[in-house]
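Data first, discussion second: the structure below is written as structure tokens.
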Amino acid sequence: MTSRRTRMDKTFQPAAIETRWYEEWEAKGYFAPQGGEKAYSIMIPPPNVTGSLHMGHGFQEAIMDALIRYHRMLGDNTLWQVGTDHAGIATQMVVERQLEAQGISRHDLGREKFIEKVWQWKEESGGTITGQLRRLGSSLDWSRERFTMDEGLSAAVQEVFIRLYREGLIYRGQRLVNWDPALHTAISDLEVISEPEQGHLWHFNYPLAGAEGYLTVATTRPETMLGDSAVAVHPEDERYAHLIGRMVRLPLCDREIPVIADEYVEREFGTGCVKITPAHDFNDYEVGRRHSLPLINIFNDDAAINDQAPLAYRGLDRLAARQQVVDDMQTLGLLDKVEDHQLNVPRGDRSGVVIEPYLTDQWYVDARKLAKPAIAAVENGSIQFVPKQWENTYFAWMRDIQDWCISRQLWWGHRIPAWYDTQGTFYVGESEAAVRLEHALEAEVVLRQDDDVLDTWFSSALWTFSTLGWPEETEELALFHPSSVLVTGFDIIFFWVARMIMMTLHLRQEVPFHTVYVHGLVRDGEGQKMSKSKGNVIDPIDLIDGIELEALVSKRTAGMMQPQLAAKIEKATRRQFPDGIEPYGTDALRFTYYSLASTGRDIKFDIGRIEGYRNFCNKIWNAARYVLMNCENEDCGTSSGSAVELSLADRWITGKVQETAAQVERAIGNYRFDLASQALYEFIWNEYCDWYLELSKPILWDDDASAQAKRGTRQTLIRVLEIWLRLLHPMMPFITEEIWQAVGPLAGKTGPTIMLQAYPQANEGDIDARAIADIEWLKAVILGIRSIRGEMNIPPGKALTVLLRNGDQNDQLRLAENSQYLRKLAKLADVSWLPAGAAVPMAATALAGELEILVPMAGLIDKDAEVARLKKEIGRVENDLTRLQAKLGNAAFVDKAPVDVVAKEQEKMQAQQQAVATLQEQLQRIREM
RNA sequence: AGGACUAUAGCUCAGUUGGUUAGAGCGCUACCUUGACAUGGUAGAGGUCCCCGGUUCGAGUCCGGGUAGUCCUACCA
């Protein structure tokens with residue numbers, strides 16, 4: 001299957017490998033649980049079945065996949081449960097809009113036919129999101145894919161509803177709900193978005209009954225006066241005390257309503273008199289209950305005025321009615337004044353229309369009872385939030401939770417298992433037949449199933465266990481529940497996380513997950529929320545495959561209601577992406593997500609980052625190319641058993657990769673993917689590529705080097721590469737797999753895929769402190785020489801002769817062992833010690849500790865430039881020295897700081913004193929020459 | 001109104017229990033196509049750690065108070 005590469009391309013081409021590897025992984029069944037002692041499971045937050053991938057998904061899936069691949073490689077029995085959500089309102093709206101385009105409403109079709117249409121749409125478009133999840137490399141177990149409306153999950157939903165009903169935790173009740181007059185359904189509090197808008201405050205005079213004078217009320221909603229039941233004043237408001245208990249005539253309605261006293265009234269606001277409309281305002285409803293006021297509902301379900309209102313207003317839409325009421329009041333001379341007023345307007349999160357408090361019969365979950373154990377589970381640490389601060393948000397909401405309205409007047413969803421007879425008595429059960437049997441209902445009793453469906457979040461709340469076969473006590477349920485971690489955005493903590501916790505604790509007496517990892521929101525480069533209407537959306541797939549500018553523009557401006565907005569979006573898009581978007585590949589995109597995934601903050605998506613990580617992929621690719629060029633068809637000492645000799649560099653990098661493994665392990669354990677990715681980036685680029693590969697060249701390219709030494713270097717090249725490929729694999733699955741296929745066997749690894757190899761465990765025994773110190777010395781010397789070369793503008797090709805001076809025994813030893821490295825990496829013709837007693841030549845100087853590095857100037861270096869350079873360096877060191885002297889001169893510091901801190905500072909001061917002295921001496925010498 | 005979070009280089013961000021000269025990437029400057037890589041290499045420039053006060057020998061880090069921004073919850077008709 002694996003085609004043997006004889007030659008790798010010079011640049012990494014992600015498109016050439018990604019799809020191929022994903023297909024193979026899936027076909028071979030690598031995504032399914034592979035056994036193992038410990039179970040590790042994550043349930044995917046089910047995306048809308050007919051939706052498509054956005055940046056938030058990309059971020060979230062990348063995090064989950066890294067965790068899943070990491071644990072799978074650790075040898076855990078790992079399940080990533082996949083599935084999609086039927087998304088009641090959202091999906092129904094899409095299909096309704098499609099019908100609308102053909103001039104049909106869902107009512108024209110009828111319920112059954114309409115639902116057929118929705119299923120049809122699900123079949124057509126349901127593959128989009130799952131295909132996109134695959135493009136991200138997500139190692140989801142597709143063999144277990146579920147859908148919230150499939151048979152098993154629907155059965156679970158019904159079971160839960162019936163159980164909770166019988167336990168008294170679900171009840172039916174009449175009360176005010178948030179009513180969406182466009183969608184004709186109730187929605188929950190969470191689905192209402194209140195935003196400040198400009199409006200007016202109308203002051204109306206209500207004449208006193210049987211007396212002269214009037215009360216003036218202030219309202220933002222004049223039309224609701226048609227349903228007024230009272231006027232309320234504050235009980236201690238002296239202005240109105242004498243009127244409490246009197247009646248006023250409600251204009252336009254020919255009714256008398258009482259003046260009541262209630263603490264709810266704010267004396268300072270408006271006139272201090274509030275009209276009370278119990279059927280159309282949540283606060284008024286409560287006031288009405290306290291005073292036993294009648295509920296007068298004046299709206300139909302589309303928020304037009306109904307027959308409870310005077311004839312003149314019937315059938316008018318609420319806005320038309322508002323105008324009419326205001327006009328009529330003015331005509332009657334009862335409009336006192338109109339003020340501009342900013343108010344919070346509640347709108348439906350789906351429809352965008354103004355929500356009406358509306359009196360209806362609905363089904364509710366008694367959330368208060370369920371919340372208690374759910375609060376306790378977080379308090380006692382059974383469930384932990386990462387970052388922890390979200391627990392406060394959770395507690396605040398849970399401690400003041402309202403009952404959850406779960407019925408929706410929609411067609412697409414789980415139908416409520418309740419049947420009504422003609423008297424309105426209802427029976428809850430799993431089917432009409434079951435209900436008849438249970439309640440001994442005669443055949444002539446006509447039963448009709450409840451038309452409503454359940455809130456989508458009802459089925460989502462059961463997700464962690466319903467996907468595993470509940471209510472059957474399946475093997476998977478025993479094995480994988482509770483799940484290990486939930487990865488989600490803060491925006492659905494209330495919608496989903498809290499409800500999962502409540503439902504799961506109640507139904508299974510166990511938590512749904514042990515940890516909730518809450519990630520931030522992905523915003524655009526300016527920090528704006530990405531949204532279609534703003535036209536700033538970036539499709540993750542476009543970052544993977546690239547997209548031409550024209551295609552991007554038309555994608556962003558398609559279906560815009562306002563043409564001027566489209567023009568603006570087009571302009572902004574052309575400015576931001578003048579050449580469209582380049583193809584960066586999945587690995588680069590994923591790595592970008594990780595690098596930005598520090599906890600507790602939103603992420604601004606900067607296109608420059610992904611470009612940098614695309615380059616990183618290319619770096620990895622070329623490093624592997626170099627290693628393979630030098631190791632393929634060569635004796636790498638991995639299988640032959642022949643002797644190998646490890647160089648200093650070999651021992652150094654072998655330890656460094658272990659340090660990296662330890663850092664990555666710690667970072668992932670803390671969900672710090674940014675730190676994990678950074679540790680790998682720095683190790684691979686700055687240590688392995690920049691230093692180790694360069695240090696390998698003097699050995700591999702030296703004809704005089706021994707066979708053992710060459711074997712040792714090849715062995716280390718390939719082994720260390722193989723280790724960091726595995727370390728990196730959870731984050732960059734494709735490129736690591738592609739390279740590992742060639743590298744693994746050379747490193748003595750067998751197996752069909754890197755996916756199922758063991759994750760490297762940090763082994764501190766491999767860390768060679770002496771080798772690390774030696775290489776640090778070597779780096780310091782090389783950097784000193786390069787710095788002179790760079791600042792003195794010495795041509796890079798020019799080989800230098802370098803003299804060393806003032807070294808101790810360590811330096812002597814190190815030079816002896818490393819002169820070859822030095823020659824190669826610093827491009828030296830020769831390096832040697834200045835003989836004792838010999839005159840110091842005219843030279844540029846650098847320091848590595850106390851060691852003095854002299855680059856003789858002989859025609860190479862401008863004397864004045866070196867003087868300037870030395871002065872600058874001396875200035876820098878003296879600055880530091882002054883600071884240190886002040887610190888150590890402070891008796892308080894020397895007395896109170898820990899001894900080791902003081903000692904360290906003293907050491908530093910001495911070193912800097914030495915450095916200044918050396919540099920001064922050198923400066924003096926050069927001046928004199 | 002209550003609460004949370006954020007403020008560090010031109011930009012995007014790290015900075016563990018307080019203790020080297022506060023770091024990285026991108027961008028910028030100069031030089032370089034040397035046999036893995038110009039999606040590269042080498043060297044450099046660039047910071048009043050938002051402001052004020054406090055604790056401490058010592059504060060980017062801890063405490064208090066401000067300022068600015070983002071968000072959540074609730075909401076005065």
Side-chain angles (χ1 to χ4, degrees), chain A residues 8 10-12 194 201 217-221 224 232 264-266 268-277 281-284 341 343-344 387 389-390 392-393 396-397 400 490-491 493-494 520-521 523 525 527 529 582 584 588 595-596 598 600-609 611-630 666 670 672 674-675 678 681-682 686 689-690 693-694 697 701 783 786-797 827 876-877 879-880 883-884 887 890-898 900-902 904-905 907-908 912:
Chain A
M8 290 166 79
K10 209 171 164 183
T11 50
F12 173 53
S194 284
L201 196 58
V217 298
T219 180
T220 55
R221 301 207 50 196
T224 62
Y264 155 71
V265 180
E266 295 283 333
E268 288 72 32
F269 188 86
T271 59
C273 296
V274 190
K275 58 190 270 318
I276 299 296
T277 321
D281 182 280
F282 290 103
N283 289 310
D284 291 7
H341 180 65
L343 70 162
N344 286 322
Q389 84 235 14
W390 289 111
N392 293 329
T393 308
W397 190 67
D400 189 32
F490 59 84
D491 48 332
I493 288 180
F494 306 142
L521 202 67
R523 299 170 174 279
K529 214 162 164 172
E582 282 183 68
Y584 295 110
S595 73
L596 296 168
S598 58
R601 71 193 283 166
D602 287 351
I603 63 181
K604 288 192 215 177
F605 192 85
D606 174 19
I607 200 88
R609 291 290 286 240
E611 191 176 336
Y613 295 121
R614 188 269 317 263
N615 297 351
F616 180 47
C617 288
N618 196 52
K619 191 77 181 173
I620 290 168
W621 185 254
N622 279 288
R625 225 157 60 91
Y626 168 81
V627 174
L628 289 169
M629 275 168 55
N630 284 289
R666 191 169 48 240
N670 293 328
R672 289 299 304 270
D674 57 329
L675 298 183
Q678 197 188 339
Y681 183 96
E682 279 176 7
N686 301 339
C689 292
D690 284 353
L693 294 188
E694 295 308 318
K697 288 172 184 175
W701 296 351
L783 291 175
R786 281 182 185 167
S787 180
I788 290 172
R789 202 189 268 282
E791 288 185 55
M792 294 284 107
N793 282 322
I794 300 172
K827 267 231 161 69
R876 209 181 318 199
V877 178
N879 254 344
D880 197 30
R883 194 183 51 82
L884 285 163
K887 199 168 183 181
N890 179 357
F893 170 72
V894 180
D895 290 347
K896 296 192 180 174
D900 57 320
V901 172
V902 177
K904 221 193 273 177
E905 296 294 305
E907 219 172 281
K908 270 188 294 188
Q912 296 297 53

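Order of the sequence lines fixes the chain letters, A, B, ..., with proteins taken first and strands second; residue numbering starts at 1 for each chain.
- Between the C1' atom of rU34(B) and the CG atom of L693(A) lies a distance of 15 Å, rounded to the nearest Å.
- Listed nucleotides rC57(B), rA14(B), rC37(B) differ in distance to E694(A); the shortest reach to its side chain belongs to rC37(B).
- Below the 3.5 angstrom threshold, one finds no donor paired with an acceptor across the side chain of E682(A) and the base of rA14(B).
- Checking rC57(B), rA43(B), rC37(B) against every side-chain atom of S787(A), the shortest atom distance belongs to rA43(B).
- Between rA77(B), rG15(B), rA36(B), one nucleotide has an atom nearer to the side chain of H341(A) than all others, and that is rA77(B).
- Among the protein residues, N392(A) comes within range of no part of the nucleic acid, since none of its heavy atoms lies under 4.0 Å from any strand.
- At a threshold of 4.0 angstrom between heavy atoms, the contacts of Q678(A) are confined to the sugar-phosphate backbone, with no base atom among them.
- Separating the P atom of rU17(B) from that of rC5(B) is a span of 16 Å, rounded to the nearest Å.
- When side chains are defined from C-beta on, V902(A) counts as touching F893(A), because their heavy atoms get closer than 4.5 Å.
- Nucleotide rU39(B) holds its C1' atom 9 Å from the CG atom of N622(A), rounded to whole Å.
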Protein proximity profile, nucleotides 67-75 of chain B - base contact B, sugar-phosphate-only contact S, no contact -, cut-off 4.0 Å on heavy atoms:
---SS-S-B
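- Base contact: C689(A) has a heavy atom under 4.0 Å from a base atom.
- For the pair N615(A) and rC37(B), the criterion of a side-chain N or O lying under 4.0 Å from OP1 or OP2 is not met.
- In this model, the phosphate group of rC26(B) is not approached by any side-chain N or O of R614(A) to a distance below 4.0 Å at OP1 or OP2.
- The side-chain heavy atoms of T224(A) and K275(A), taken from C-beta on, include a pair separated by under 4.5 Å.
- When each of rA14(B), rC37(B), rC57(B) is scored by its nearest atom to the side-chain atoms of R625(A), the top-ranked nucleotide is rC37(B).
- With hydrogens and angles ignored, the 3.5 Å screen pairs a side-chain donor or acceptor of N622(A) with a backbone N or O of K10(A).
- In this structure, A897(A) reaches the bases: a heavy-atom distance under 4.0 Å links it to at least one base atom across the strands shown.
- Comparing rC37(B), rU34(B), rG19(B) against the side chain of K619(A) picks out rC37(B) as the nearest.
- Within 4.0 Å of E266(A), counting heavy atoms only, lies at least one base atom of the nucleic acid.
- Of all nucleotides listed (rU12(B), rC5(B), rA77(B)), rU12(B) comes nearest to the side chain of K604(A).
- Remark on RNA chain B: of its neighbouring residues M629(A) and K275(A), the 5'-side contact belongs to M629(A), judged by nearest-heavy-atom nucleotide.
- For a distance-only test at 3.5 Å, the side chain of K10(A) fails to qualify as a donor-acceptor partner of the base of rC37(B).
- For the pair R789(A) CZ and rA43(B) P, the interatomic distance rounds to 11 Å; values are reported in whole Å.
- Stacking of K697(A) on the aromatic ring of Y626(A) is recorded, both the 6.0 Å distance cut-off and the 45° axial limit being met.
- If you take CG of N618(A) and C1' of rU39(B), they are 5 Å apart, rounded to a whole angstrom.
- Among the heavy atoms of the strands, none lies under 4.0 Å from K904(A).
- Checked by atom type and distance alone, the side chain of R789(A) pairs as donor or acceptor with a backbone atom of K827(A) at under 3.5 Å.
- As rounded to whole Å, 15 Å separates atom P of rC37(B) from atom CG of D690(A).
- Taking the side chain as every heavy atom from C-beta outward, I276(A) and D281(A) never approach each other to under 4.5 Å.
- When the side-chain nitrogen and oxygen atoms of S595(A) are compared with OP1 and OP2 of rG25(B), none of them lie within a distance under 4.0 Å.
- For I794(A) and rA30(B), the CD1 to C1' distance is 15 Å, given to the nearest whole Å.
- Donor-acceptor pairing under 3.5 Å, judged by distance alone, is absent between the side chain of R786(A) and the base of rU42(B).
- The salt bridge (charged side-chain N to carboxylate O under 4.0 Å, His left out) search around R523(A) returns D602(A), not counting sequence neighbours.
- Residues Y613(A) and Y681(A) bring their aromatic ring centres within 6.0 Å.
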Dot-bracket for RNA chain B: what is it, with Watson-Crick or G-U pairs under 3.5 Å, [ ] where a pair crosses earlier ones, and | for a pair to another strand?
(((((((..((((.....[...)))).(((((.......))))).....(((((..]....))))))))))))....
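- Ring-plane geometry between F490(A) and W390(A) is classed as parallel, the angle between the planes falling under 30 degrees on a 0 to 90 degree scale with a further cut at 60.
- Closest to the side chain of A623(A), from the set rA77(B), rA36(B), rG15(B), is rA36(B).
- Contact annotation: the side chain of F269(A) never approaches that of V274(A) to less than 4.5 Å [non-hydrogen atoms, C-beta and beyond].
- The side chain of P898(A) lies closest to rG19(B), out of rA45(B), rG19(B), rU34(B).
- When the C1' atom is compared between rC49(B) and rU8(B), the two are found 4 Å apart, to the nearest whole Å.
- Ring-to-base geometry places W701(A) in a stacked arrangement with rG35(B) (centre distance under 5.5 Å, plane angle under 30°).
- Here the C1' atom of nucleotide rU20(B) and the CD atom of E905(A) are 7 Å apart, to the nearest Å.
- For E907(A), the CD atom sits in a loose shell: 12 or fewer heavy atoms of surrounding residues, nucleotides or ligands are nearer than 6.0 Å.
- Rounded to an integer number of Å, the gap from CG of L675(A) to P of rG23(B) is 17 Å.
- Among rA77(B), rA14(B), rC57(B), the nucleotide with an atom closest to any side-chain atom of F269(A) is rA77(B).
- Checking N879(A) against R876(A) by side-chain atom types alone, no donor-acceptor pair falls below 3.5 Å.
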